[in-house]
J.: 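Structure below; questions to follow.
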Amino acid sequence: MGTIGADLAEQVLGDGVLAADPLPALARLRAEAPVAPHRPTGAWILSRHADVLAASRDPATFCSGRGVLLEEIGVEYPSPPTMMHTDPPDHTRYRRLVAPAFAPRVVRALEAPIAARARAAVAALPAGEPVDVVAELAVPFPLRIIADLLGVPEDDWPRFHEWSEAAVPGASDRSPDEAAALMGEMTGYLLAAAADRRARPRDDVISLLATVEVDGERLDDDELAMFLVQLLVAGNETTRNALAGGLVAFAEHPDQWDRLRADRSPPALAAAVEEVLRWTTPVVYFLRTTTRGVTMHGVDLPAGTPVVLHYLSANRDEAAFGPTADRFLVDRDPNPHLAFGAGPHLCLGAALARLELRAVLGALADRFARLEPAGPVERAMSLVIAGHRRAPLALHPA
Ligand code: HEM
């Protein structure tokens with residue numbers, strides 16, 4: 001399997017892969033080289049659903065503390081840049097501290113305001129003429145929700161967009177220095193906001209995180225900054241691309257849009273959201289590092305080996321999704337996709353992301369009978385986030 005696997009591996013994790021179509025090479029990797037070497041980085045790619053799931057659930061063997069992106073291989077941090085970069089027991093402490101901000105009660109309370117924001121955003125879209133759904137809907141909508149959640153004034157939203165883009169390698173054309181400067185600005189802004197909320201707590205997530213205590217413990221300033229930065233980034237780029245990619249998928253599969261419009265009940269909308277998540281897989285991969293020697297499919301991975309959990313590949317795996325794995329089906333059931341990861345790091349914002357996607361899809365299905373491609377879709381070059389820079393669609397009213 002060595003050379004074939006290695007050649008294919010470069011096709012699925014090389015520059016500009018997402019602009020091309022990595023799916024055929026991923027299908028061959030799953031079939032022929034489920035543990036494949038990625039020569040440029042020394043990492044190994046896990047492409048099968050069962051392997052990605054098993055590794056995600058075994059942080060003692062596949063740890064996050066040595067980086068979660070290919071760019072981080074060999075990088076030493078003085079302190080973890082995000083909670084994603086931690087392992088139990090530290091990670092368990094972070095989850096306990098930040099969980100109150102994402103409790104079901106908190107997310108449920110957002111349902112009505114998010115639905116109202118979604119209806120307003122969809123009502124503002126022009127009908128019957130080309131509109132870039134990335135710029136007009138997919139970018140501003142999640143950004144506003146996160147800004148609402150954090151309690152940030154409307155005037156500051158545009159900065160949020162720049163900041164969150166700067167944090168994702170390849171999401172924009174900025175130089176590393178520019179991106180680092182923007183990240184510094186973002187951290188400063190969020191910490192100032194946290195200091196303000198400690199003095200004058202309000203009903204928002206910054207106040208909650210700035211003052212939360214579990215067993216007498218609080219997040220210190222570095223931890224708070226780390227977490228707020230992560231919220232801003234994790235909640236924006238991902239939801240944005242699920243939304244943009246989902247609308248493109250519906251434009252390309254009009255029968256599935258018809259099916260969704262015919263049944264807009266909460267369970268049908270929820271199932272459609274799961275399929276959009278599987279189909280778009282906004283986070284293409286995250287990395288782990290082996291803490292001990294393991295053998296997988298006959299390949300020996302010594303301790304210290306970086307391993308790619310390829311969510312995009314896992315989400316198209318015929319072994320998990322059957323013979324229709326390569327079809328976009330809004331009523332797919334069951335749908336055990338790994339778009340939110342699995343195991344202890346399972347996406348903390350999953351309920352919120354699902355809520356946002358349901359609200360927007362529901363509002364769009366109420367207003368528009370047909371979504372039509374209206375120009376070339378431009379993909380972002382980031383390997384981590386399956387991004388869309390532009391997606392012109394014509395939306396035809398019911
Ligand atoms: C469609 C939208 C989203 C997708 C596809 C997504 C995907 C993911 C994935 C794959 C992970 C796993 C990381 C790992 O295993 O290393 C993750 C973790 C995380 N996500 Fe999301 N995410 C989304 C939306 C959000 C939102 C809206 C928020 C918050 C507002 C959020 C906050 C987080 C946080 C804090 C973590 C780290 C959890 C931990 O390390 O324990 N995500 N996300």
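Model, not experiment: these values are computed from the prediction. Both counts, for ligands and for their atoms, begin at 1 and track the order of listing.
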J.: Among S56, A234, A101, A242, whose heavy atom sits nearest atom 32 (C) of ligand 1?
T.: A234

J.: Does the plane of the ring in H49 sit parallel, tilted or perpendicular to the ring in F321? Use 30° and 60° as the thresholds.
T.: perpendicular

J.: Applying a heavy-atom cut-off of 4.0 Å, say which part of Y94 lies close to ligand 1: side chain, backbone, both or neither.
T.: neither

J.: I want to know if ligand 1 touches S64 in the polar sense, i.e. an N/O pair below 3.5 angstrom.
T.: no

J.: Against heavy atoms of V283, which atoms of ligand 1 measure under 4.0 Å?
T.: 7 (C)

J.: Same cluster or not: are L143 and I114 linked, directly or through other Ile, Leu, Val, Met, Phe, Trp or Tyr residues, by side-chain heavy atoms under 4.5 angstrom apart?
T.: yes

J.: Among protein heavy atoms, which sits nearest to atom 19 (C) of ligand 1, and what does the distance come to when rounded to 0.1 Å?
T.: C347 CA, 3.7 Å

J.: Should you measure from each heavy atom of Q230, which atoms of ligand 1 turn up under 4.0 Å away?
T.: 34 (C), 35 (C), 36 (C), 37 (C)

J.: Can you report which non-hydrogen protein atom sits closest to atom 26 (C) of ligand 1, along with the distance?
T.: G235 CA, 3.5 Å

J.: Considering non-hydrogen atoms of the protein only, which is the closest contact for atom 24 (C) of ligand 1, and what is the distance?
T.: T238 OG1, 3.4 Å

J.: Closest non-hydrogen protein atom to atom 11 (C) of ligand 1, residue and atom name please, with distance?
T.: F340 O, 3.8 Å

J.: Can you tell me how far apart CD1 (I73) and OG1 (T289) are? Round to the nearest 0.5 Å.
T.: 7.0 Å

J.: Below 6.0 angstrom between ring centroids: does that apply to H297 and W44?
T.: no

J.: Donor-acceptor pair, E223 side chain versus D220 backbone, under 3.5 Å?
T.: yes

J.: Which protein heavy atom lies closest to atom 28 (C) of ligand 1, and at what distance to 0.1 Å?
T.: G349 CA, 3.5 Å

J.: May I ask you to check if ligand 1 and H91 share an N or O to N or O distance below 3.5 Å?
T.: yes

J.: Tell me the nearest of H345, R354, H85 to atom 40 (O) of ligand 1, using heavy-atom distances.
T.: H345

J.: Looking only at heavy atoms, is any part of F286 under 4.0 Å from ligand 1, and if so is it the side chain, the backbone, or both, or is it neither?
T.: side chain

J.: For S175 and D177, run side-chain hydrogen bond (donor to acceptor under 3.5 Å, both in side chains): C-alpha distance rounded to whole Å, both residues' side-chain angles, the deciding distance at 0.1 Å, then the answer.
T.: CA-CA 5 Å; S175 70; D177 284 351; 5.4 Å; no

J.: In ligand 1, which numbered atoms sit nearer than 4.0 Å to a non-hydrogen atom of L231?
T.: 29 (C), 30 (C)

J.: Go through ligand 1 atom by atom and flag the ones less than 4.0 Å from a non-hydrogen atom of R288.
T.: 14 (C), 15 (O), 16 (O)

J.: What protein heavy atom sits nearest atom 38 (C) of ligand 1, and how far off is it?
T.: R95 NH1, 3.3 Å

J.: Hydrophobic clusters here meaning ILVMFWY residues chained together by side-chain heavy-atom distances under 4.5 Å, can you tell me if V205 and L355 are in one?
T.: yes

J.: Between D87 (side chain) and G65 (backbone), is there a donor-acceptor pair under 3.5 Å?
T.: yes

J.: Please determine whether residues L393 and L125 belong to a single hydrophobic cluster, defined as Ile, Leu, Val, Met, Phe, Trp and Tyr linked transitively by side-chain heavy-atom distances below 4.5 Å.
T.: yes

J.: I'd like to know if the side chain of R259 and the backbone of D331 have a donor-acceptor N/O pair within less than 3.5 Å.
T.: no

J.: Between A353, A339, G341, flag the one that comes closest to atom 7 (C) of ligand 1 by a heavy atom.
T.: A339

J.: Given that the side chain starts at C-beta and the backbone is N, CA, C, O, which of these parts of P282 lies under 4.0 Å from ligand 1, counting heavy atoms, or is it both or neither?
T.: side chain

J.: Do T61 and R292 have a side chain donor and acceptor closer than 3.5 Å?
T.: yes

J.: Closer than 4.0 Å to some heavy atom of M83 - which atoms of ligand 1 meet that?
T.: 39 (C), 40 (O), 41 (O)

J.: Any side-chain to backbone donor/acceptor pair from T238 onto A234? Under 3.5 Å, distance only.
T.: yes

J.: Determine, for D203 against R197, whether the closest basic-nitrogen to carboxylate-oxygen distance falls under 4.0 angstrom.
T.: no

J.: Taking only heavy atoms of L352, which atoms of ligand 1 are found under 4.0 Å from at least one of them?
T.: 30 (C)

J.: Side chain, backbone, both or neither: which part of T239 has a heavy atom under 4.0 Å from ligand 1?
T.: both

J.: Go through ligand 1 atom by atom and flag the ones less than 4.0 Å from a non-hydrogen atom of I146.
T.: 30 (C)

J.: Has the side chain of T291 got a donor or acceptor atom that lies under 3.5 Å from a matching backbone atom of C63?
T.: no

J.: Using heavy atoms and a threshold below 4.0 Å, how should the contact between L277 and ligand 1 be classified: side chain, backbone, both, or neither?
T.: side chain

